Amino acid sequence: MTPYAAAQLQRFYAPSYEESSSLQPAIFALSYEAQATTAMRTEVGARADWSVLIDSTTTFTLRGAAAWAHDTWWDLNKTAQFVLIPGFGFDVVGATPPSDLLLASVGADIAFGNGISIGTSLQGEFSQSSRRYAGTARVRYQW
């Protein structure tokens, strides 16, 4: 069993943009100011794995992990203005991602003595308002 803590900081940038139209005047064309948004994620959890020799060259490994993640977002709103009607604009508010999540994963691998291994894993993120599931399968050759 291995406890872990992690932090991640991201900055997203959207350049300014102005719509145009072949029909004039383009009364409802919009313009957007450039905007940067910052997101931070912290995680606290534990990982565990257990391996057993099936025979002298084959190893079977089970893996699992569980963690609590907290996401913080700044400046999620985007302001749009009408190009030909100054002073009239509106805010576009996107969906707010959940701030607290339970992260869980399980997996298994079989490594053969000839360098080939196969494995699979399932991951999930769970909150009060969302669920996300993912799975992977892999075949690897190591020399």
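Source: prediction; values computed, not measured.
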S.K.: Is E18 reaching over with its side chain to a backbone N or O of S31, donor-acceptor style, under 3.5 angstrom?
M.R.: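 Judged by distance alone, no pair lies under 3.5 Å.
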S.K.: Kindly write out the residues that satisfy side chain to side chain contact (heavy atoms under 4.5 Å, CB included) with A34, not counting sequence neighbours, or none if the list is empty.
M.R.: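 Scan of A34 (side chain to side chain contact (heavy atoms under 4.5 Å, CB included), adjacent residues dropped) gives Y13, S16.
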S.K.: Given the rule in the side-chain contact (heavy atoms from CB on, under 4.5 Å) test, do T37 and Q35 qualify, once you have shown the distances and angles that lead to the verdict?
M.R.: CA-CA 7 Å; T37 300; Q35 181 180 353; 3.9 Å; yes
S.K.: Could you grab the distance from atom CG of L62 to atom CH2 of W50, nearest 0.5 Å is fine?
M.R.: 6.0 Å
S.K.: Hey, could you give me the CZ/CG distance between R131 and L102, rounded to the nearest 0.5 Å?
M.R.: 9.5 Å
S.K.: Looking at every non-hydrogen atom in both residues, tell me the closest pair between P3 and M1 and how far apart they are.
M.R.: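 Shortest heavy-atom separation between P3 and M1 comes out as CD-O, 4.0 Å.
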S.K.: So, taking the atom named CG in L30 and the one named OH in Y17, what distance separates them when rounded to the nearest 0.5 Å?
M.R.: 9.5 Å
S.K.: Tell me whether L101 is reachable from L9 by hopping between hydrophobic residues (I, L, V, M, F, W, Y) whose side-chain heavy atoms are closer than 4.5 Å.
M.R.: no
S.K.: Show me the pairs that pass ring pair (Phe, Tyr, Trp, His ring centres under 6.0 Å) and involve residues 113-133, at least two apart or across chains.
M.R.: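 Matches after skipping sequence neighbours: F126-Y133.
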S.K.: When rounded to the nearest 0.5 angstrom, what distance separates CD1 in I116 from CD1 in I110?
M.R.: 12.5 Å
S.K.: Find the distance between CZ (R47) and CG (D49) and round it off to the nearest 0.5 Å.
M.R.: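 Atom-to-atom, R47:CZ and D49:CG are 10.5 Å apart.
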S.K.: Below 3.5 Å, can you tabulate the donor-acceptor pairs from side chains in residues 53-61 to any protein atom, sequence neighbours excluded?
M.R.:
{"unit_1": "D55", "atom_1": "OD1", "unit_2": "T57", "atom_2": "N", "d": "2.9"}
{"unit_1": "D55", "atom_1": "OD1", "unit_2": "T57", "atom_2": "OG1", "d": "3.3"}
{"unit_1": "D55", "atom_1": "OD1", "unit_2": "T58", "atom_2": "N", "d": "2.9"}
{"unit_1": "D55", "atom_1": "OD1", "unit_2": "T58", "atom_2": "OG1", "d": "3.1"}
{"unit_1": "T61", "atom_1": "OG1", "unit_2": "S51", "atom_2": "OG", "d": "2.9"}

S.K.: Please name the pair of heavy atoms, one in P98 and one in S130, separated by the smallest distance, quoted to 0.1 Å.
M.R.: CG-OG, 3.5 Å
S.K.: Strictly by salt bridge (Lys or Arg N to Asp or Glu O under 4.0 Å), give each pair with a member in residues 98-117 just once, sequence neighbours left out.
M.R.: R63-D109, D109-R138
S.K.: List, one per line, each side-chain donor-acceptor pair under 3.5 Å for residues 76-95, sequence neighbours excluded.
M.R.:
{"unit_1": "K78", "atom_1": "NZ", "unit_2": "E33", "atom_2": "O", "d": "2.7"}
{"unit_1": "T79", "atom_1": "OG1", "unit_2": "D91", "atom_2": "OD1", "d": "2.7"}

S.K.: Can V139 be reached from L122 by stepping across I, L, V, M, F, W or Y side chains whose heavy atoms are under 4.5 Å apart?
M.R.: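 Different clusters.
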S.K.: Does the side chain of Q123 reach to within under 4.5 Å of the side chain of T136, using non-hydrogen atoms?
M.R.: yes
S.K.: Considering only residues two or more places apart or on different chains, which pairs with a residue in residues 35-44 satisfy salt bridge (Lys or Arg N to Asp or Glu O under 4.0 Å)?
M.R.: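 The answer is R41-E43, R41-D71, R41-E125.
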